[in-house]
Amino acid sequence: MLAGRGGGQRARTRQLPLPSTAPCPVQNPLTHSSHMSDGQRYNSPGLYSHPIPTKTPLHPSPGQYNYGGSQNVSQLSNYQGPGQTLNRAPVGLISVAPLQHTGSSPQMPPPSQNSAAISSAGSFLPGTNPPALSNWQYGQTSVSQPAGSQTSHFAHVTGAVPTQPSASSSGNTNPPTSYQYAASPGVPPLPNSYMKPGSAPPPVSQPLPSTYPPARPPLGSPPSGGPPLGRPTAAITSPPNSSVSQALLNSATNQEGKESVNYLFFLFTHPSPASQNLKMGRSVGYSYPSLPPGYQNTSPGVPGMQPPPMQYPDGPQSFHQPALGTNHLAASMGSLSLQPEGVRLVNLLQERNILPTTPLQAPIPNLHEDIQKLNCNPELFRCTLTNIPQTQALLNKAKLPLGLLLHPFKDLSQLPVVTSSTIVRCRSCRTYINPFVSFLDQRRWKCNLCYRVNDVPEEFMYNPVTRVYGEPHKRPEVQNATIEFMAPSEYMLRPPQPPVYLFVFDVSHNAIETGYLDTVCKSLLDNLDLLPGNTRTKIGFITFDSTIHFYSLQEGLSQPQMLIVSDIEDVFIPMPENLLVNLNENKELIQDLLRTLPQMFTKSLETQSALGPALQAAFKLMSPTGGRISVFQTQLPSVGVGALKSREEPNQRASAKDIHLTPSTDFYKKLALDCSGQQVAVDLFLLSGQYSDLASLGCISRYSAGSIYYYQSYHHKHNPVQVEKLQKELKRYLTRKIGFEAVMRIRCTKGLSIHTFHGNFFVRSTDLLSLPNVNPDAGYAVQMSVEESLTDMQVVSFQSALLYTSSKGERRIRVHTMCLPVVTTLSDVYLGADVQAITGLLANMAVDRSVSASLSDARDALVNAVIDSLSAYRASVLSVQQPGLMAPFSLRLFPLYVLALLKQKAFQTGTTTRLDERIFTMCQVKNQPLIYLMLMTHPSLYRIDNLTDEGALNISDRTIPQPPILQLSVEKLSRDGAYLMDAGSVMFMWIGKNCGQNFINQVFGVPNYASIPQNMTHLPELDTAESTRIIAFISWLREQRPFFPILYIIRDESPLKPSFLQNMIEDRTESALSYYEFLLHIQQQVNK
Ligand SMILES: [Zn+2]
């Protein structure tokens, strides 16, 4: 396509291999700095820099354009790349059976969405200055959501969308019949049909005056009635409920006969090796070890504040898996009711040992067990408030943020996959049929998001699982909150693209000196056959320094041919047809190149970096197909477009002000948006010992839905532990699942509205996220507000739908649906607060705030979130004022987690955190699933010199000890012991001075403490029980995450000890308050 252009473009060709492999004599002094040396010092001046926060909104204006990575719904995009038109003739990969209802064309996005986007954007355009919010995290009461977003969901609802959403907004004129199990507006709701009883307010409160609206019967038992012990009688006897729940059970347990289904197939995805590792998640129920002496929970009779195990199915339910028995669930629910832990009030200043000794679980929504049983796994889909406030006013009162945290493409060990010519969706809002819709009768179902009554297609009447006709409510789509559809042709804008991988390598002198290219090429060689793909997979390579080098891998060549383009002002692509080649057909040439590349530039003295032009070239090369660009960069780009200048001033690192968190150029963002339009994602591997302006470079990945990896001070000789990390993470990166040309839409029940998105993507229209690539390790978050009162609604639902092309060329849709109860009282809102999800969402918001305002503003806002919510709780829920700092049980860890955020690299002040390191941590906050974000914020500390097999896990013949989690305080350390701190991407093993010689002997293979090597990063595998246990435990922790934590073994006098101590969140440092001091500060503010 670029052939025939003349002018100053010059291309030279030369044959490989090139120069000899003599090492370059010039050393780059900048690569020698040790990894930990800078970040660990405690030389900051001053104390906690903002002890008395001023109240400032975190979001100056919703919808304001920002570089923080979150994107508001308002963004208008013209990035409708070629092939995005929906009118294109479908590509017939799957024959489509005649649809019963012709009115719906299941396309994504529906045309109405675009107009909605345009109409809604007006009030949010940059410069229009919507009214500032009085309170940063609580949605947008003062900003009325434009009508467009309603239109997008509800434009076709019969009877329009009234301001009074109650009564007949659904257009439901048909009385419910026996299949209904959702209370429908317009008819009296069935009491208790969704709600589990027992949502009583904290016992310390006086019984609250009834605040139920007249038209609405109370949910569950009256607040003053105390938690009942079992299921409500209504639920047992009422025909609608019991018939359905019985049906659900039948269907879930009757799995036979699916092999011979004619037109509907269930496939179960083969778990990848990684997913097998992941499937034994930490939330899986297992028996926990008993508490250690001296570490007792003060809550009476409740070990570890742990909800009973087996509350959630492990991953989405599959048809092979017998359903969790009602009895089992009823028993655990009953035990919950007997121990109303959740309604307990905690005096934080008195109860110091509030940290559970086992990983904190997500709260269980207060739903009827038959509904909850079908709910989405919280590892995939989670809400900050599992009790949704009925009105925005109530939400505002609670002073807690409302939002969702998603991990939509997580590796799953079992995933039901449906191939059907009819994907049943709501004709009005396009919601996929799901477990929380209601069947009015066999022929009609009511959407749980917009309440439109839809016809059940003829095909859907047949249940392939039971091979029975007339059981639409037993279909897998209605039995699984997580499900994947094979998409028919109308979901394709063009034929599914082949997997295309382009690698772009920095080969400047600096890059070669780090030795990274050798590691990367070796990893690629090792994993070439494991790249996800099929016979259509294509691959290509570009290298660059001050010029750009292409590699022709044309069939018939005896060796790869290098083509150098030295005109970086207007890069052209020589021989584009031979640069991206079929992997299978040209494997030998490709292997040849990978073996040769690391040696080719060893004599190069070229120090310049033309990253921008190289990325432009990569984009041009990839545009026709889409795919993935993996770029490896080791320094600040210095020539051509996108060249950057150093902005880091080490003297100002300690200051929370005037640090450069925003990009210095919009080049990388613009190019990312071009990439996004052509279904190209760019993953950035930054391996650098010097400042490289990740704030600017990171935009290339952030807006193209790529990933960012950062290896600070990577050097193959001076920092060998990084080499192993890169190898391990590359293996995961190269072999993990990948989805191409993806879009994701998140829908929620009418009345709720999503207004801000966090993560790596581009918001293409109101609620459509453009994800040129989607990977299983990416997390997302959204903020929501209550747009219209949820009057008469017992429950609301949320649904994410991810449409993508698999590496095998199939178009697939992965759908997750979550259902949550609606509550009317403040105490119920607090009761359902999910403190981890709240912390995760606040962290995302704080990154935006750091970028749009300042780090100190973000820190103040975080502290205010604690003060405001606990003040509101004190003022509005507690009827008897007590001394101390009172928190609802659900929020007992909130101050601790916020303090942990303030001490985290992204938000800390007063240390010498490098700017790129801070930016990278912010990228992680934005892009990591909640479980990893929490671990890097509040690490887990274990004592490991006394591990036993008691309560251990047994996974494929391995015994994995499960030591209790300790509080992060040196008070918990004994000089007689050894401890492991798991901070997510890094682990520290601290050995006390008086640690038993036997242990040191058995684990390190050395005679005594003094002979433990200083810079140890590996444990020897010794044939002792102690060694086996510790290695099994550490390996198990590592296997569960997609990145590789480095293990630093430190003695008491180790120079790395400060890094270890820095993670002791509860302790005071020179620059930050201790947990207790923080609590006192909060108390002072709350009691004002
Ligand atoms: Zn609908």
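As the structure is a prediction and not an experimental result, all values here were calculated from the model.
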Query raised in the report: According to the interplanar angle, ranging from 0 to 90°, do the rings of Y501 and F740 count as parallel (below 30°), tilted (30 to 60°) or perpendicular (above 60°)?
Result: tilted

From the list Y733, Y714, Y516, ring-ring contact (aromatic ring centres under 6.0 Å, His included) partner of F685 resolves to Y733

*asked:* The test is salt bridge (charged side-chain N to carboxylate O under 4.0 Å, His left out); show your working for E810 and K808 and say whether it passes.
replied: CA-CA 6 Å; E810 301 149 341; K808 309 283 180 226; over 6 Å; no

Query - Exam field: side chain N375 to backbone C819, donor-acceptor pair closer than 3.5 Å - result: yes

Beyond-backbone contact of S806 with R812, side-chain heavy atoms, under 4.5 angstrom
yes

Next on the checklist: Tell me whether R918 forms a cation-pi arrangement with Y710, defined as NZ or CZ under 6.0 Å from the six-membered ring centre and within 45 degrees of its axis.
Outcome noted: no

query: So, the side chain of Q967 versus the backbone of S969: is there a donor-acceptor pair under 3.5 Å, distance only?
result: no

Q) Is D949 salt-bridged to R1029, cutoff N-O under 4.0 Å? A) yes

- request: Give the C-alpha distance, both sets of side-chain angles, the deciding distance and a yes or no for side chain to side chain donor-acceptor pair (under 3.5 Å) between S713 and Q722.
  value: CA-CA 8 Å; S713 307; Q722 293 265 29; over 6 Å; no

Does any part of the side chain of F999, heavy atoms only, come nearer than 4.5 Å to the side chain of I1030, both counted from C-beta?
yes

| request: Take S1027 and Q1002 through the test side-chain contact (heavy atoms from CB on, under 4.5 Å) and record every step on the way to the result. | output: CA-CA 6 Å; S1027 174; Q1002 309 281 309; 5.8 Å; no

Between the CD1 atom in I1046 and the OG1 atom in T1017, the distance rounded to the nearest 0.5 Å is 8.0 Å

Exactly one candidate in K725, R732, K731 meets side-chain hydrogen bond (donor to acceptor under 3.5 Å, both in side chains) with E729; the answer is K725

TODO: Check whether more than 12 heavy atoms from other residues, nucleotides or ligands sit under 6.0 Å from atom CG of N1015, and answer yes or no.
DONE: no

(message) Between Y1048 and F1060 (judged by ring centroids, cut-off 6.0 Å), do the two rings come close enough to count as a pair?
(response) no

(request) Taking the side chain as every heavy atom from C-beta outward, state whether I738 and V774 have any atom pair closer than 4.5 Å. (result) no

Separation between CZ (F409) and CG (L380), nearest 0.5 Å, reads 12.5 Å

### Message
Using a strict threshold of under 4.0 Å (side-chain N to carboxylate O), is an ion pair present between K905 and D916?
### Response
no

From the list D982, D411, D777, salt bridge (Lys or Arg N to Asp or Glu O under 4.0 Å) partner of R1041 resolves to D982

Would you please test M936 and Q924 for side-chain contact (heavy atoms from CB on, under 4.5 Å) and show each step?
-> CA-CA 9 Å; M936 68 186 240; Q924 287 180 302; 3.8 Å; yes

**Request:** Would you please classify the geometry between the Y711 ring and the Y709 ring as parallel, tilted or perpendicular, with 30° and 60° separating the classes?
**Result:** parallel

(Q) Checking L1061 against K1057 for the side-chain contact (heavy atoms from CB on, under 4.5 Å) test, could you report, in this order, the C-alpha distance in whole Å, the side-chain angles of both residues, the deciding distance, and whether it holds? (A) CA-CA 6 Å; L1061 293 182; K1057 193 180 173 188; 3.9 Å; yes

| message | Could you go through R702 and S707, starting from their C-alpha distance and side-chain angles, then the distance that decides it, and tell me whether this counts as side chain to side chain donor-acceptor pair (under 3.5 Å)? | response | CA-CA 7 Å; R702 189 179 304 159; S707 310; over 6 Å; no

query = Does the pair K972 and D1067 meet the rule for a salt bridge (charged side-chain N to carboxylate O under 4.0 Å, His left out), with working shown?
reply = CA-CA 11 Å; K972 299 292 165 190; D1067 294 341; over 6 Å; no

Check: Does L968 reach the side chain of P939, with side-chain heavy atoms less than 4.5 Å apart?
Finding: yes

Could you go through the ring pair (Phe, Tyr, Trp, His ring centres under 6.0 Å) check for Y979 and F988 one step at a time? CA-CA 8 Å; Y979 298 82; F988 297 99; over 10 Å; no

Q. Is Y1075 close to I1065 at the side-chain level, that is, under 4.5 Å between some pair of heavy atoms?
A. no

Original post:
Looking at side-chain heavy atoms only, is the closest gap between T384 and D834 below 4.5 Å?
Top reply: no

Would you say the side chain of P963 lies within less than 4.5 Å of the side chain of R943, judging by non-hydrogen atoms? no

Less than 4.5 Å apart, any side-chain heavy atom of L1047 and any of L980?
-> yes

(Q) I'd like to know whether L687 forms a side-chain contact (heavy atoms from CB on, under 4.5 Å) with Q712, so could you lay out the CA-CA distance, the side-chain angles of the two residues, the decisive distance to 0.1 Å, and finally the verdict. (A) CA-CA 6 Å; L687 313 101; Q712 191 177 333; over 6 Å; no

**Asked** After noting the C-alpha distance and the side-chain angles of Q904 and H938, does the key distance pass the side chain to side chain donor-acceptor pair (under 3.5 Å) rule?
**Response** CA-CA 9 Å; Q904 208 229 34; H938 187 277; over 6 Å; no

Task: Check: Q727/S523 side-chain N/O donor and acceptor closer than 3.5 Å - done: no

**Under-4.0 Å salt bridge between R958 and E1039** = yes

